[in-house]
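Predicted model only: the values in this text are computed from it and were never measured.
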Amino acid sequence: MTRLVFMGSPDFAVPALGKLALMPDCNLVGVYTQPDKPAGRGHKLLAPPIKVFAAKRNLPVFQPRSLREPEAQAELAALQPELIVVAAYGLILPRPVLELPPHGCINIHASLLPKYRGAAPILAAILNGENLTGITLMQIDEGVDTGPMLAQARLPIRPDDTTGTLSARLALLGADLLAQTLPGWLAGEIQPQAQDEAQASFAPRLSKEEGRLDWTQPAIALERRVRACDPWPGTFTLWNNKRLKIIKSQISNLKSEISNQTGQVVQWDGGVGVVTGAGVLELLEVQLEGKRAVCALDFARGQAGFIGAQLG
């Protein structure tokens, strides 16, 4: 049996760990995930989803703050892993870790590399209006998602996909691709393919402020941003000096060749939206700072001065 260490943290990584736990030829000797983090108003420590999943199956869990420390590297070496599988772990694997397992370190990356290397490939694919994305299994090297590729699988992006919904489907696809590919990799039957550097692009994580909507952009770009930033970092605009989260939206058929200014709230029979640089973005669900999320039409009816207001 192959001695295997798995490294991952969020929900995206759970299906892959589940597949590995069921593979008869794999001996999961350790599950690495990030340390518990304070969350919510009470700042209570919250365990990563991978820790919760592993604990229920009595898998040994390790939570070092870094893998660069000699103590953490010695602890990992003591497990004698023959292969390390990584899925959205969130920590950098330094060279001593990469060189430790004889079968190397494999990453489950949520894009069709070399496109969208980096921390936010799913968000970037939606934001850029892609119709297709997928999973790449790759050998990890010291670059950012630059290692040679073992296998790929494709997945269509639906018109209503958010980063959350697309991530869930890609997680399942990644788990399946891992289970299909691993036997051949361990048997030495797969020759990794180098990435084409000329086709490479990068997808960095967005900051919370980058969720602010710029109404001078066209409605199609803003609608993509709302979906791409769901669940993180979320999108918002400003109204009455408060943040108004835009949770759901769609492109309206309403023409905006109006005297209305960009960023102005308009209403029509059965809808409310905002004039953009090209077209009108219909608001479906919003949430004012400190309040609960509501239907945008109900919000407009209950907030005097919202219709006609200039947002942002």
| query | According to a 4.5 Å side-chain heavy-atom criterion applied to Ile, Leu, Val, Met, Phe, Trp and Tyr, with indirect links allowed, do Phe299 and Leu213 form part of one hydrophobic cluster? | reply | yes
| Single-linkage hydrophobic cluster, 4.5 Å side-chain cutoff, Ile106 and Leu91 together | no
| remark: When every non-hydrogen atom of Leu186 is compared with those of His103, the smallest separation belongs to O-CE1, 3.5 Å
| field | Chi angles and distances behind the side chain to side chain contact (heavy atoms under 4.5 Å, CB included) call for Val14, Val52 | value | CA-CA 10 Å; Val14 171; Val52 175; over 6 Å; no
| note | Taking every heavy atom of Pro231 against every heavy atom of Gly164, the minimum-distance pair comes out as CD-N, 3.7 Å
| Does any non-hydrogen side-chain atom of Ser249 lie less than 4.5 Å from one of Val274? | no
| For Arg225 and Leu206, what are the C-alpha separation, side-chain angles and deciding distance, and is it a side chain to side chain contact (heavy atoms under 4.5 Å, CB included)? | CA-CA 11 Å; Arg225 183 167 289 266; Leu206 296 189; 4.1 Å; yes
| Heavy atoms of other groups near Asn131 CG, more than 12 under 6.0 Å | no
| task | For the residue pair Tyr116 and Asn128, establish whether any side-chain heavy-atom pair is separated by less than 4.5 Å. | result | yes
| said: Before you tell me yes or no, could you show the steps for Arg117 and Gln195 under side-chain hydrogen bond (donor to acceptor under 3.5 Å, both in side chains), namely the whole-Å CA-CA distance, both residues' side-chain angles and the distance that decides it to 0.1 Å? | reply: CA-CA 11 Å; Arg117 296 170 176 173; Gln195 296 185 38; 3.0 Å; yes
| Quick one: CZ on Phe12 to CD1 on Ile122, what's the gap to the nearest 0.5 Å? | 5.5 Å
| task | Using atom types as modelled and distance alone, determine if a side-chain donor or acceptor of Thr216 lies under 3.5 Å from a backbone N or O of Gly277. | result | no
| field | Thr162 side chain near Thr165 side chain, heavy-atom distance below 4.5 Å | value | yes
| Does any non-hydrogen side-chain atom of Ile246 lie less than 4.5 Å from one of Leu222? | no
| said: Measuring from atom CG of Leu281 to atom CD1 of Ile251, what distance do you get when rounded to the nearest 0.5 angstrom? | reply: 7.5 Å
| message | If I take atom CD from residue Glu282 and atom CG from residue Leu297, how far apart are they, to the nearest 0.5 angstrom? | response | 7.5 Å
| Are Leu93 and Met138 linked, directly or through other ILVMFWY residues, by side chains that come within less than 4.5 angstrom of each other? | no
| Pro204 and Ala120: which non-hydrogen atoms are nearest, and at how many Å? | O-CB, 3.5 Å
| query | Are Asp230 and Arg227 ion-paired here, with the side-chain N under 4.0 Å from a carboxylate O? | reply | no
| said: Please check if the number of heavy atoms outside Ile307 that lie under 6.0 Å from its CD1 is greater than 12. | reply: yes
| request: Kindly assign one of parallel, tilted or perpendicular to the pair Tyr32 and Phe62, based on the angle between their ring planes and the thresholds 30° and 60°. | output: parallel
| said: Is the shortest side-chain heavy-atom distance between Val97 and Gln73 below 4.5 Å? | reply: yes
| said: Counting only heavy atoms not in Arg57 (residues, nucleotides, ligands), do more than 12 fall under 6.0 Å from its CZ? | reply: yes
| task | Kindly determine whether Phe236 and Leu311 satisfy side chain to side chain contact (heavy atoms under 4.5 Å, CB included), including the steps that lead there. | result | CA-CA 10 Å; Phe236 69 94; Leu311 301 183; over 6 Å; no
| Any chain of hydrophobic side-chain contacts (each under 4.5 Å) joining Trp239 to Val294? | yes
| field | Distance in Å, Gln199 CD paired with Leu113 CG, rounded so as to fall on 0.5 Å steps | value | 12.5 Å
| request: Evaluate the side-chain proximity of Leu67 to Ile92: yes if any heavy-atom separation is below 4.5 Å, no if none is. | output: no
| request: Might you point out which heavy atoms bring Tyr89 and Gln34 nearest each other, and give the distance in Å? | output: O-NE2, 3.0 Å
| said: Check whether Arg3 reaches the backbone of Pro101 with its side chain - one donor and one acceptor, N or O, closer than 3.5 Å. | reply: no
| In Å and rounded to the nearest 0.5 Å, what is the CD1 to CG distance from Ile50 to Asp11? | 8.5 Å
| request: Answer with yes or no whether the side chains of Thr33 and Ser9 bring together a donor and an acceptor at under 3.5 Å. | output: yes
| query | Can you find a pair of side-chain heavy atoms, one from Ile135 and one from Ile108, that are under 4.5 Å apart? | reply | yes
| request: Without swapping roles, check the side chain of Gln264 against the backbone of Gln261 for a donor-acceptor pair under 3.5 Å. | output: yes
| message | According to a hydrophobic-cluster definition based on side-chain heavy atoms being under 4.5 Å apart (Ile, Leu, Val, Met, Phe, Trp, Tyr only), do Ile84 and Leu150 belong together? | response | no
| message | Main chain of Gln191, side chain of Gln193: is a donor-acceptor contact present, judged purely on distance under 3.5 Å? | response | yes
| query | Hey, are the side chains of Val272 and Val265 touching, using non-hydrogen atoms and a 4.5 Å cut-off? | reply | yes
| message | So which atom in Val61 and which in Ala54 form the shortest heavy-atom distance, rounded to 0.1 Å? | response | CG2-CB, 3.6 Å
| Is there a donor-acceptor contact under 3.5 Å from the side chain of Arg212 to the main chain of Gly312? | yes
| task | Check step by step if side chain to side chain contact (heavy atoms under 4.5 Å, CB included) holds for Leu182 and Leu137. | result | CA-CA 10 Å; Leu182 213 51; Leu137 294 186; over 6 Å; no
| request: Could you grab the distance from atom CG of Leu170 to atom CG of Leu177, nearest 0.5 Å is fine? | output: 11.0 Å
| field | Ala72 to Pro64 - nearest heavy-atom pair and separation | value | CB-CB, 4.1 Å
| query | Are any side-chain N or O atoms of Thr235 and backbone N or O atoms of Val226, one a donor and one an acceptor, separated by less than 3.5 Å? | reply | no
